[in-house]
Protein chains: 2
Amino acid sequence: MDIKIALEDVSLDLLFEKYEGKFKALADKKRLHILNILTQNGSMCVCDIEPIIEMTQSKLSYHLKILLDAGLIEKEARGTWSYYHVNQKELNALLSEQFCCLFKPPGCC
Amino acid sequence: MDIKIALEDVSLDLLFEKYEGKFKALADKKRLHILNILTQNGSMCVCDIEPIIEMTQSKLSYHLKILLDAGLIEKEARGTWSYYHVNQKELNALLSEQFCCLFKPPGCC
DNA sequence: TTAATAAATCAATATAATTTGATTAACAAC
DNA sequence: GTTGTTAATCAAATTATATTGATTTATTAA
């Protein structure tokens with residue numbers, strides 16, 4: 001019985017760790033802005049996001065990587081270009097309906 | 001027309017700032033654990049949370065303050081004791097149904 | 001009044017995340 | 001080939017967060 005409780009504690013801890021990572025990725029207004037831009041424009045390459053968000057290339061790459069590692073966006077490489085788009089399934093699973101207008105496809109609100 | 005766009009940008013930025021704060025509060029596994037404990041036990045004083053989460057008093061106070069400032073929990077002072085409970089309305093507004101079992105009252109899943 | 005308890009705060013340290021500018025690798029156009 | 005472009009990565013500096021242990025304030029109990 002003690003073992004069962006211990007195992008539950010471990011898996012609960014892993015769960016908290018998993019969500020910690022996802023919320024960390026969301027816990028930055030620049031990254032929320034990036035998600036919003038990708039939501040509105042669908043798939044975009046880094047050089048097209050850059051002028052909209054007014055961010056240097058290396059900084060933007062850094063933030064895109066954080067969103068990517070958290071599974072909130074997905075990447076598709078085409079030649080020298082990297083195209084990013086929102087992982088809608090993941091965002092739907094995390095966030096309430098309230099975020100529909102911000103991070104969910106146009107027409108949902 | 002330019003002014004309208006500018007104003008929208010400002011209010012969008014304020015919105016991102018608001019959610020940044022809330023996601024920052026969620027972006028820590030210890031705080032997710034605190035939320036989970038409060039969800040399961042309803043209203044609790046600091047000294048009752050302390051042994052469950054195995055955290056020093058000052059550390060716990062620090063994390064409770066972050067959750068409180070983000071509006072994710074609420075506080076009620078009774079004498080020397082401070083009782084904290086989850087702000088269910090706020091969590092419902094932020095998080096998807098998936099979190100029902102973790103941060104929403106027992107019986108919801 | 002004195003002693004004990006609850007919880008917030010403080011200052012110092014430690015740890016982590018972000019920004020910056022430069023460099024690199026991969027590809028495309030000439 | 002050489003040149004220009006895209007985007008990732010790196011190391012250093014900066015900034016933000018978290019942890020620790022001590023102190024403080026308020027309240028309660030003896």
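Per chain, numbering begins at 1; letters A, B, ... match sequence-line order.
Using a 4.0 Å heavy-atom criterion, one finds that A:Tyr84 contacts the sugar-phosphate atoms exclusively.
Counting only residues at least two apart or in different chains, side chain to side chain donor-acceptor pair (under 3.5 Å) contacts with residues 84-94 of chain A comprise A:Lys22-A:Glu90, A:Glu74-A:His85, A:Asn92-A:Lys104. Legend: ring pair (Phe, Tyr, Trp, His ring centres under 6.0 Å) pairs involving residues 24-51 of chain B, not counting sequence neighbours, sorted by first then second residue: A:Phe16-B:His33.
By the 30° and 60° cut-offs, the orientation of the rings of B:Phe23 relative to B:Tyr19 is tilted.
A:Cys47 pairs by the side-chain contact (heavy atoms from CB on, under 4.5 Å) definition with A:Cys45, A:Trp81, not counting sequence neighbours. Every residue two or more places apart in sequence or in another chain that forms a side-chain contact (heavy atoms from CB on, under 4.5 Å) with B:Lys24 is listed here: A:Ala27, B:Glu20. The side-chain contact (heavy atoms from CB on, under 4.5 Å) test applied to A:Thr80 returns no partner, not counting sequence neighbours. With sequence neighbours excluded, the residues forming a disulfide (SG to SG under 2.5 Å) with A:Cys100 are A:Cys108, listed by chain and number. For A:Lys30, the salt bridge (charged side-chain N to carboxylate O under 4.0 Å, His left out) test picks out A:Asp28, with sequence neighbours left out. In this structure B:Asp13 satisfies the salt bridge (charged side-chain N to carboxylate O under 4.0 Å, His left out) test together with A:Lys29, sequence neighbours excluded.
Taking atom CG on A:Asp48 and atom C1' on D:dT6, their separation rounds to 11 Å, with Å as the unit.
DNA chain C lies under 4.0 Å from no heavy atom of any residue of residues 14-35 of chain B. Within residues 52-75 of chain B, the residues that place at least one heavy atom under 4.0 Å from DNA chain D are, in residue-number order, B:Ser58, B:Lys59, B:Tyr62, B:His63, B:Ile66.
For DNA chain C, the span of nucleotides reached by chain B at under 4.0 Å from its heavy atoms goes, 5' to 3', from C:dA6 to C:dT9.
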List, one per line, each side-chain donor-acceptor pair under 3.5 Å for residues 49-72 of chain A, sequence neighbours excluded.
from: A:Gln57; atom 1: NE2; to: A:Ser61; atom 2: OG; distance (Å): 3.3
from: A:His63; atom 1: ND1; to: A:Arg31; atom 2: NH1; distance (Å): 3.0
from: A:Lys65; atom 1: NZ; to: A:Asp69; atom 2: OD2; distance (Å): 3.1

